[in-house]
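Chain identifiers are assigned alphabetically (A, B, ...) following the order of the sequence lines, protein sequences preceding nucleic acid strands; residue numbering begins at 1 within each chain. Hydrogens, waters and symmetry mates are skipped; everything else that's a heavy atom, side chains included, is used.
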Amino acid sequence: MASVPELPEVETTVRGLEKVLLGRRIAHIEPRRGDLRRAFPPDLGQRLTGSTVTALGRRGKFGLLHTDRGDTLVFHLGMSGKWRVDPDELHAHDHLLLETEEGKRLVLNDPRRFGSVDLVKTDKLQSSPGVGALGPEPTDLDADVLHSIFRGRSAPIKALLLDQRIVAGLGNIYACEALHRAHINPRRAAGRLSRQTVKRLVAAIREVIDEAIEAGGSTLRDYARPDGELGYFSKRFAVYDREGKTCGCGGVVRRIVQSGRSTFYCPRCQR
DNA sequence: AGATATTCCTGGAGGC
DNA sequence: TGCCTCCAGGAATATC
C-alpha cells in the first residue's frame with residue numbers, strides 16, 4: 001500500500017537519516033531541479049556545504065537537520081517524498097542530492113512534488129511560517145485545552161484533526177484511524193464533543209501514532225529497507241482504505257467525502 | 001471569523 | 001493495447 005507520509009513515517013525517516021548524518025560534515029549538496037512545492041533556497045549549497053549536522057529532529061510532519069552554523073534544513077515529504085541512502089543510480093524525480101565527507105549519499109525523491117525544502121535560522125524556527133504555526137505534538141496534547149479549542153466550532157471533527165495548527169502531524173490516514181479507535185463519528189461537530197469524548201480522542205491519537213512509529217521501527221530494522229529507502233512501512237489499518245470490508249465490531253466500513261477528501265469509518269461503532 | 005473550495009503535481013487505476 | 005478521465009492528498013490561498 002502506498003501511503004502518504006504522516007508523523008510516524010517522518011519520524012522513522014528522521015531516525016534513519018540520523019544514523020548516517022548525525023555528527024557528519026556535509027561535503028556536497030546539489031539540487032537537481034530548482035524546486036518542489038517552492039523554489040529551493042538559492043543559498044542552500046553555500047550555507048550547508050562544509051557544515052556539520054549537530055542534531056536531527058521532527059516537528060509535525062517536518063523533518064529537521066540542524067547544523068553547527070546555526071542553520072536548520074526543514075524538509076516536508078508532501079505526498080510522495082522519500083529519502084534513499086546510497087542509491088545505486090539516480091531516478092526520475094530525484095530532486096536533491098546530499099553527500100557527507102565519508103561519501104554517504106542521500107537522495108530526496110518526490111514524484112508529485114508536494115514536498116518542500118527550506119533553510120531557516122535555527123533560533124528563528126519557532127517563528128518560521130511552517131513549523132512556527134504548528135499546534136502541539138500528539139504527545140503534548142492536553143484534552144482540556146483541546147476541548148476548549150473545539151468549543152463553538154461547527155466543523156466536523158475530522159476536518160479539525162487535519163488542521164496542523166490544532167494538532168501537528170495527523171494526516172488523512174491517522175485522523176481516520178484515531179476517530180475509529182475513539183469510536184467517534186467523523187461527521188460530528190467538534191464543538192459538540194464532551195470533555196470525556198475528547199479525552200478518549202486524545203488517548204486514541206497517541207496510541208495510533210505510537211503504534212505506527214513502533215511498526216516503522218520494527219518493520220524496517222535499522223530504519224532502511226534493502227533498497228535504502230527510509231521511512232515507509234506497511235501497517236494494517238482498521239478503517240483507512242477498507243471501504244466495504246468488515247470492521248472488528250462486525251459493521252461495514254464506509255467511505256464518505258469530507259471537504260474534498262475521503263473519510264473511512266464504521267457507522268456501527270463510531271457514533 | 002470560520003467553513004469550505006481551489007490550486008499545485010504525477011502515477012496508477014479503471015473504463016471503453 | 002491505447003487513450004482518456006479520475007483520484008489520491010498537505011498546505012497555501014481564495015472565496016463564500
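- Shown are A:Leu98, A:Asp94, A:Leu96; of these, the side chain to side chain contact (heavy atoms under 4.5 Å, CB included) with A:Leu108 is made only by A:Leu96.
- When heavy atoms are screened at a 4.0 angstrom cut-off, A:Gly260 is found touching no nucleic acid atom at all.
- Rounded to an integer number of Å, the gap from A:Ile166 CD1 to B:dA1 C1' is 14 Å.
- When rounded to the nearest whole Å, the span between CZ of A:Arg165 and C1' of B:dA3 equals 11 Å.
- Using a 4.0 Å heavy-atom criterion, one finds that A:Arg113 contacts the sugar-phosphate atoms exclusively.
- No engagement by A:Arg151 is indicated, since no non-hydrogen atom pair under 4.0 Å with the nucleic acid exists.
- Per the geometry, CZ belonging to A:Arg37 stands 10 Å off P belonging to C:dT13, to the nearest Å.
- As a whole-Å value, the separation of A:Glu6 CD from C:dG10 P is 6 Å.
- For the pair A:Asp163 CG and C:dT13 P, the interatomic distance rounds to 15 Å; values are reported in whole Å.
- Regarding A:Phe114, its CZ atom lies at a distance of 8 Å from the C1' atom of B:dT7, rounded to whole Å.
- Residue A:Ser154 is in sugar-phosphate contact alone, with no base atom involved, counting any heavy-atom pair closer than 4.0 Å across all strands shown.
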Practice task
Apply the test side chain to side chain donor-acceptor pair (under 3.5 Å) to residues A:Tyr174 and A:Glu9: give CA-CA distance (whole Å), side-chain angles for both, the deciding distance (0.1 Å), then the verdict.
Solution key: CA-CA 11 Å; A:Tyr174 295 108; A:Glu9 289 78 8; 3.0 Å; yes
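- The base of B:dG2 does not come close enough to the side chain of A:Arg153 for any donor and acceptor atom to sit less than 3.5 Å apart.
- Closest approach to the A:Pro156 side chain among C:dA8, C:dG10, B:dT4 is made by B:dT4 (side chain taken as heavy atoms from C-beta onward).
- In this structure, the side chain of A:Glu30 does not engage the main chain of A:Gly45 through any donor-acceptor pair within 3.5 Å.
- Phosphate proximity of C:dA8 to A:Arg255: present, with a side-chain N or O under 4.0 Å from OP1 or OP2.
- For the pair A:Arg261 and A:Gly152, nearest-nucleotide mapping onto DNA chain B gives the more 5' position to A:Gly152.
- Within the 3.5 Å criterion, the main-chain N or O of A:Val14 finds no donor-acceptor partner in the side chain of A:Glu18.
- When atom types are taken as modelled, the side chain of A:Gln126 and the backbone of A:Gly132 share no donor-acceptor pair closer than 3.5 angstrom.
- Close to C:dG10, at under 4.0 Å from its OP1 or OP2, lies no side-chain N or O of A:Gln164.
- The residue A:Ser262 sits close only to the backbone: its heavy atoms come under 4.0 Å of sugar-phosphate atoms, none of a base.
- At the phosphate of B:dG11, OP1 or OP2 sits under 4.0 Å from a side-chain N or O atom of A:His93.
- A donor N or O paired with an acceptor N or O is not found under 3.5 Å between the base of B:dG12 and the side-chain atoms of A:Arg112.
- Protein atom NE2 of A:His95 is 10 Å distant from nucleotide atom C1' of B:dT10, rounded to whole Å.
- At whole-Å resolution of the value, NZ in A:Lys82 and P in B:dT10 are 14 Å apart.
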